[in-house]
Amino acid sequence: MAQTRYPKTPREEQPEASPATSPDERIDSAETGARGPFSRRQFLRGSAAAGAASAGLLSGILDDAEAQDEPGVAGPGAVDMAFKINGKAYVATLEPRVTLLDALRNHLDLTGAKKVCDRGTCGACTVLLNGDPVYACSVLAIEAQGSEVTTVEGIGSPANMHPIQQAFVDHDAQQCGFCTPGFVVASAALLNRHPNPDQDTVHRELGGNLCRCGTYAGIRAAVAQAAGGGTTNG
Amino acid sequence: MAEYVWPAAGDRLHIGKHISRLDGPVKATGRAKYAYDVNRRGMLWAIMVQSPHAHARITAIDTSAAEAMDGVVKVHIIQDVGTEIQWAHDEIVAVAATSEEVARDGAAAVKIEYEVLPHFVNERAVDEAPDAQPAQEETTGDPAAAMAAAATKSSGSYHVAQIAHCSLESHGQVAEWQDEETVTLWASTQAISGVASQLGEQIGIPASNVHVETQYMGGGFGSKFSVDRWGVVCAQIARDTGRPVKLMLDRDQEVSVAGARPSTHAEVSTGADADGNVVAWDSKSWGSGGPAGANSPPLPYVFAFDNQTHMHTSVPTNTGPARAWRAPRHPQACLVTMRALEDLAHAAGMDPLDFFLRNIEKTGERASTYVEELEKGAELMGWRDRWRPRGSGTGTVRSGLGLALHTWGGRGHRSNCEVLAYRDGLVEARIGSQDLGTGTRTIIALVLAETFGVGLEQVKVTMGRSVLPASGASGGSTTVGGVSGATRRAALNAVDAVFERIAPRLGTEMANLELRNGELHFKDGSMAAMPWRQAATLIGVNPVSATGANPGPGQLNDSGVGGIQMADVSVDMETGVVSINRMVAVQDCGLILDMKLAESQVYGSLIMGVTYALTEERVFDPHTGQMLNPDMEFYKLAGIEDVGEMIVHMMTGPGYDERGVIGLGEPPVIAPGAAIANAATNATGVPINEMPMTPERVLAAINGGMA
């Protein structure tokens, strides 16, 4: 089987940033978007340059580090990762096994996407990857590097809602609200692809999301409103 | 003194209108922070190790490998060696680590040994149950004689499987200690006040030192009233480590241990006289919701007959324990009763609508409500034109109609509210209730705004914290009556208190003042009306404060609703697939405060009903005792394409409004399954007696019926 070639953002092209070293700092960096100067490779190069006597010893390690920066060879320990989420740059040091969903929620404090089934069934974790809806629980964070990630937070804000979010409010397409971020993202993607969807299209495109409180009548009406149609049911 | 009543129909500013939930924007934009979303500095993640056995005794626990792992901070034994485990997935050890990934590694490294004991998980085979217990026996009149004399008789077996709550936000919480005696718990709970007391008691600190916070919660449906063992464990690990801890159940735990609705199996015989009056009822039921078995469903349901007998057997099983599931015991009772009565109507050669109307007096005090609702429902469904006798259809896909009645109490719970009026014109309600997504926050705001005669932008609701004035758990459709009663009384008292404060400053009497349409009016016309915000400046720097409680003076809420539902379904005779064409719900609930939220409750109930009618079931392997579908691939919820068209009609106006507020969370979720089963029976021509109505079961019924 061919090895996955992880898309990686060249570090030199990253905006200035620092890899977070603790959960606390990760959250801080996520909030502020603040970044520092280091990557692991740059650190090792710096060390090698600073201690000429040990340069020989370090060169082997450096080679290893270089090798690890080749596509497909990362981990198993934590590695630096860089993301572009909702138009902002983020960095984190994560194990390659961490899902995009856990990276967003646990490490970057972007908690709009929800963890419900954690295995690609319910759609509560839906985010956009380069504009296409994906289950964030079923994408590795390391594979999301180099892609534009859009979470529900990036679709709109309470003060400046996307028309689909306004429509969810208007038609009460939410109760407990735990499935809502996934539905909002999936609905936004639906409307991008089908500006005036018929009901079959709505059902098919939103069939990968599940609600427990039973808000489907409101969601149908919300999509119809945001699409510029009338109301359908509710 | 204030008169504690709701405003008359013509005087309502907000009540009864379609008002959007106030927290809609924060939810729709992903900003609402649920317990699962709380991330604290230095927080640990905890993962629980579960029993793979349905019945076993723990003989050894080895945590050394987990403890040696980098990043594992605490290994906490929840149930120690010697403990007898009564259901699979029961939690035994919790591992807390600096990341979720490491916590999972740690949990996987814990070694537990068991002495496996015999288990019993499939209660349908009641004869094989090791510990079945007679639970209820009740007889009125002489059912045997009445049955013998009946002109028409019918009998059948009806089955409702165990289902799960499957809340999308799993159970759990984040715990953080402020000092040795004070802890904050961000919990996914339906009962902030109750959880504070429970946790305080179990970890040995005053309940007042437990601060429970729940601003948003991702579904409970009756399963989230308790602090639960995992809540106590979370707080203990946080205390032991001095760090905040997040412990949320994984999906498999959520579906297998965090809530079940008991099964009901019943054998029913019924009899009617030549005019279609039901004269005899005889039912024997059994069921289980885990190790405690199950209480009897209320049989017969809604109706009471002169001659009736009912017996129930409780069957303990080694399955995750039952919790209250929306309208506990009613959906099961409704399926059994409405299917049995539909079968009797068929035997009597009657349209079930006529048959139910013929017997409607046997529903008691709600009879006239049911008649109005049945007529409205029949109109919305086109029942009179479209109903055909059972099995009239031909072809591969056949459609049919079914109906069912339900009832619920829904009286407001105990609740307290404090209202503050500030000189900038803001009016605030403080109330220790929680909003599960039913719209409680919005209801409180609109009652407050209504009472002050101001817009919703003038009011603020502070809720979701256990330190606020205590309010009951949100369950049993008791919240809306409780919080609206408490808020209305507090707000009326606050208006009086404002008048008392400002009347002297205006040189008039309290009794001369009234607030309406955002203005302060002088009843005697001695001064021109004054905008509320201008009047409020007279309050001064100390806000006016007043309290109110429910129950309290005046009739602001009531108990007891009817409600009817009708289903139009199609059944594919070759595949057994039941699909929903249309559902009609006609529901009363007294005075409706927010029509949009009320309708949402009913739409949601119809959808939840379609789901449990067609797909939801906890399936247990008799050999291993394990639940086979503790996930969301095979524990199936209906999707947006599965629920058909829905029509909701709320009964309002004279006869309804003056009853005051009555809860709505439970009633409409009771009847969908029964209405759908009756419709599937009408469509196929054979009794469809089992929920969920999976294709396999429907085909078996069709083939059995054809044999």
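The model shown is predicted, which means the values in this text are computed figures rather than measured ones.
Of the two parts of T180(A), only the side chain, counted from C-beta on, holds a non-hydrogen atom closer than 4.5 Å to a non-hydrogen atom of chain B. Residue L606(B): no heavy atom, backbone or side chain, is found under 4.5 Å from chain A. Residue contact with chain A, scored on non-hydrogen atoms closer than 4.5 Å, is absent for F634(B). The contact between T111(A) and chain B is made by backbone and side chain atoms together, counting heavy-atom distances below 4.5 Å. Heavy-atom distances place the side chain of E95(A), and not its backbone, under 4.5 Å from chain B. Neither the backbone nor the side chain of I155(A) comes within contact range of chain B; no heavy atoms are under 4.5 Å apart. Interface remark: R204(A) contributes no atoms to any contact with chain B (heavy atom separation under 4.5 Å). Within the 4.5 angstrom heavy-atom criterion, no atom of S170(B) approaches chain A.
Using a 4.5 Å heavy-atom cut-off against chain B, no residue of residues 126-138 of chain A qualifies as contacting. Interface with chain A: from residues 608-616 of chain B, residues M608(B), T611(B), E616(B) qualify, criterion being any non-hydrogen pair under 4.5 Å.
Counting only residues at least two apart or on different chains, the ring pair (Phe, Tyr, Trp, His ring centres under 6.0 Å) pairs with a member in residues 177-206 of chain A are F178(A)-Y34(B). Pairs passing the salt bridge (charged side-chain N to carboxylate O under 4.0 Å, His left out) check and including a residue from residues 160-180 of chain A, sequence neighbours excluded, read D172(A)-R21(B).
Of all the heavy atoms in S223(B) and Q190(B), the pair that sits closest is N-OE1, 3.2 Å.
Most heavy-atom pairs under 4.5 Å with chain A, from the set E254(B), E101(B), K246(B), E641(B): that is E101(B).
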